[in-house]
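Reading through the structure tokens given below for one structure.
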Protein chains: 2
Amino acid sequence: MPQHLIRKLEQFTRLCHEDRCALVETANQRPRLYGAHQDIIREGDTPEHVNLILDGWACRYKTLENGRRQIISFFMPGDLCDPHIFVLREMDHSIGAITPVRFAEISRAAMMRLTDRHPRVTRALWWETLVTAAIQREWTVNLGQRTALERLAHLLCELFIRLRAVGLTDGDSCLLPVTQVDLGDATGLSNVHVNRVLQELRAAGQIALKGKRLTIPDLEALQDVALFNPNYLHLDREGRHLDANQTVEHTPG
Amino acid sequence: MPQHLIRKLEQFTRLCHEDRCALVETANQRPRLYGAHQDIIREGDTPEHVNLILDGWACRYKTLENGRRQIISFFMPGDLCDPHIFVLREMDHSIGAITPVRFAEISRAAMMRLTDRHPRVTRALWWETLVTAAIQREWTVNLGQRTALERLAHLLCELFIRLRAVGLTDGDSCLLPVTQVDLGDATGLSNVHVNRVLQELRAAGQIALKGKRLTIPDLEALQDVALFNPNYLHLDREGRHLDANQTVEHTPG
DNA sequence: CGGAAGATTGACGGGCGTCAACCATCGTGG
DNA sequence: CCACGATGGTTGACGCCCGTCAATCTTCCG
């Protein structure tokens, strides 16, 4: 069940029953289960499917000749890996499982069937693609301009809010199943420094992080630390004029 | 005349006469001319057009509350600013002119007319969009994992190859109309350090940079310095099976 | 219970930022 | 044609943020 994807797309616009059924049907084909640290797709491969994450976390990454690794983005449940990838002949990066991952392999034909018949879903997938691009741009800002403290705080804010958008938070806490090495590879920091900065955030009461559970007692405070502006996530139902149930645009005054 | 865009799209697939005419017609509407350092669109604005750069350079950027600026990407002639932006309600970043810029404002209707009638162009614009995303990912890697020297060398390699793809290089040199402050804002380095690294590259004979002219006597050598792998630019006519003149897929022999 | 993966700590050093001064270049107007 | 101011480039001094290395501790899982 792609409930996380549906929930995410409904951050953009409300879907009708048929839209949801089509998504369920599309996501039920070709289920896959990969173990932690396995590669789902490798740089140089020919893209054959769109992968829809159903459970677990994965990441895009690149490894340089000198062995250093950069995590380019995180995938969580509800995320689609490259919905329009078929135009390219060859992957320029790898996608690997962080935790055990359950995902659906969606064929090109199934994607076309879905989008041909469900224009509202098509628009919502467009929105998803554009938000993904916006996240990538924000990572550029994060790596280029923020200090280690701001950078990690920013990443934690983003991940928490994205998890909340797919229904995977529990009050002010969520599961964060990544190692400090992963956080370092994503933020361009060494694992040692990640450790120190996390302790600093803990000492300041900005976060609690124990086991794989992250708690953010005061999200606004953490956003202030991070210079975090959530506008790039475009989460305020921007496509409400497309709502399946014909919501009236203006609010009564 | 959008000759740079046409030339770029033909890195992906060859276009027919009608395709090119449609592009010319689309680009001839609503010409604009902005001075250096003027904003073309600001964070918070509602996107109304797709901007096609005809002459000059621009950039995407964000400014943080603390005043620091990150250049998120460079736009050069032939580049489209956000071909699918209409799905979003509000810009999450700004676009500013670096040099005086001549560009075409393409309306939503004009974009739809173009893509409805010219599927080969549509595919090529898709490819352009995906390459733009790939560039953004590579910038993430650049900022996260490369040293200042590698980082600047990588940026120069990328810009040179992109300029070459639109016909704006002259042998081993090109115009690079950006200041060292701009290079710093794009690479997350201070202008002072940019200056030192450029001198290091000059001293090693890897580049010549005088006035606004960049010369790269040995591009492969600079790529080695930069840990540069051009695969993310997807420039080897990946859509050749769509060629307007029906090129046969296999090569003889 | 044992081994591996992950987290933590300390010592040390270097890459790169900051500050501040000075030089070079260029467009503009008198 | 040159003066001049603004913008951009260059240099040096200084120091801190964060990387590296290496040891140790904790957690987890079979």
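Small disclaimer: the values here were computed from a predicted structure and weren't measured.
- Side-chain contact check for B/Asn191 versus B/Thr179: every heavy-atom pair is 4.5 Å or farther apart.
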Enumerate, atom names and distances included, each donor-acceptor pair closer than 3.5 Å involving a side-chain atom of residues 43-57 of chain B, sequence neighbours excluded.
unit_1  : atom_1 : unit_2   : atom_2 : d
B/Glu43 : OE2    : A/Asn231 : ND2    : 2.9
B/Asp45 : OD2    : B/Arg42  : N      : 2.9
B/His49 : NE2    : B/Arg30  : NH2    : 3.3
B/His49 : NE2    : B/Glu105 : OE1    : 3.4
B/Asp55 : OD2    : B/Arg102 : NE     : 3.2
B/Asp55 : OD2    : B/Arg102 : NH2    : 2.7

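- At a threshold of 4.5 Å between non-hydrogen side-chain atoms, the residues A/Val178 and A/Phe74 count as touching.
- Side-chain contact between B/Leu198 and B/Leu183 is present, with heavy atoms from C-beta onward closer than 4.5 Å.
- C/dT8 atom C1' lies 15 Å from atom CD of A/Glu200, rounded to whole Å.
- The stretch residues 175-185 of chain B touches DNA chain D through B/Thr179, B/Gln180, each having a heavy atom within less than 4.0 Å of the strand.
- When the salt bridge (Lys or Arg N to Asp or Glu O under 4.0 Å) test is applied to B/Glu150, no partner is found at least two apart in sequence or on another chain.
- The ring-ring contact (aromatic ring centres under 6.0 Å, His included) test applied to B/Phe228 returns B/His154, B/Tyr232, not counting sequence neighbours.
- Within the 4.0 Å cut-off from OP1 or OP2 of C/dT9, at least one side-chain nitrogen or oxygen of A/Gln199 is found.
- Between A/Leu33 and A/Val101 there is no side-chain heavy-atom pair separated by less than 4.5 Å.
- Remark: A/Arg69 qualifies as a cation-pi partner of A/Tyr61 under the 6.0 Å distance and 45° angle criteria applied to the six-membered ring.
- For A/Asn195 and C/dT8, the shortest distance from a side-chain N or O to OP1 or OP2 is below 4.0 Å.
- Between its two ends, the helix from C/dC1-D/dG30 to C/dG30-D/dC1 turns its axis by 50°, counting five pairs per end and rounding to 10 degrees.
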> What string of B, S and - do you get for nucleotides 14-30 of chain D, 5' to 3', when a contact is any protein heavy atom under 4.0 Å?
Replying inline: ----BBBB-----S---

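- For the pair B/Leu168 and B/Pro77, the minimum side-chain heavy-atom distance is below 4.5 Å.
- Protein atom CD of B/Gln145 is 17 Å distant from nucleotide atom P of C/dG15, rounded to whole Å.
- By the 4.5 Å heavy-atom criterion applied to side chains, B/Asp79 and B/Lys8 are counted as neighbours.
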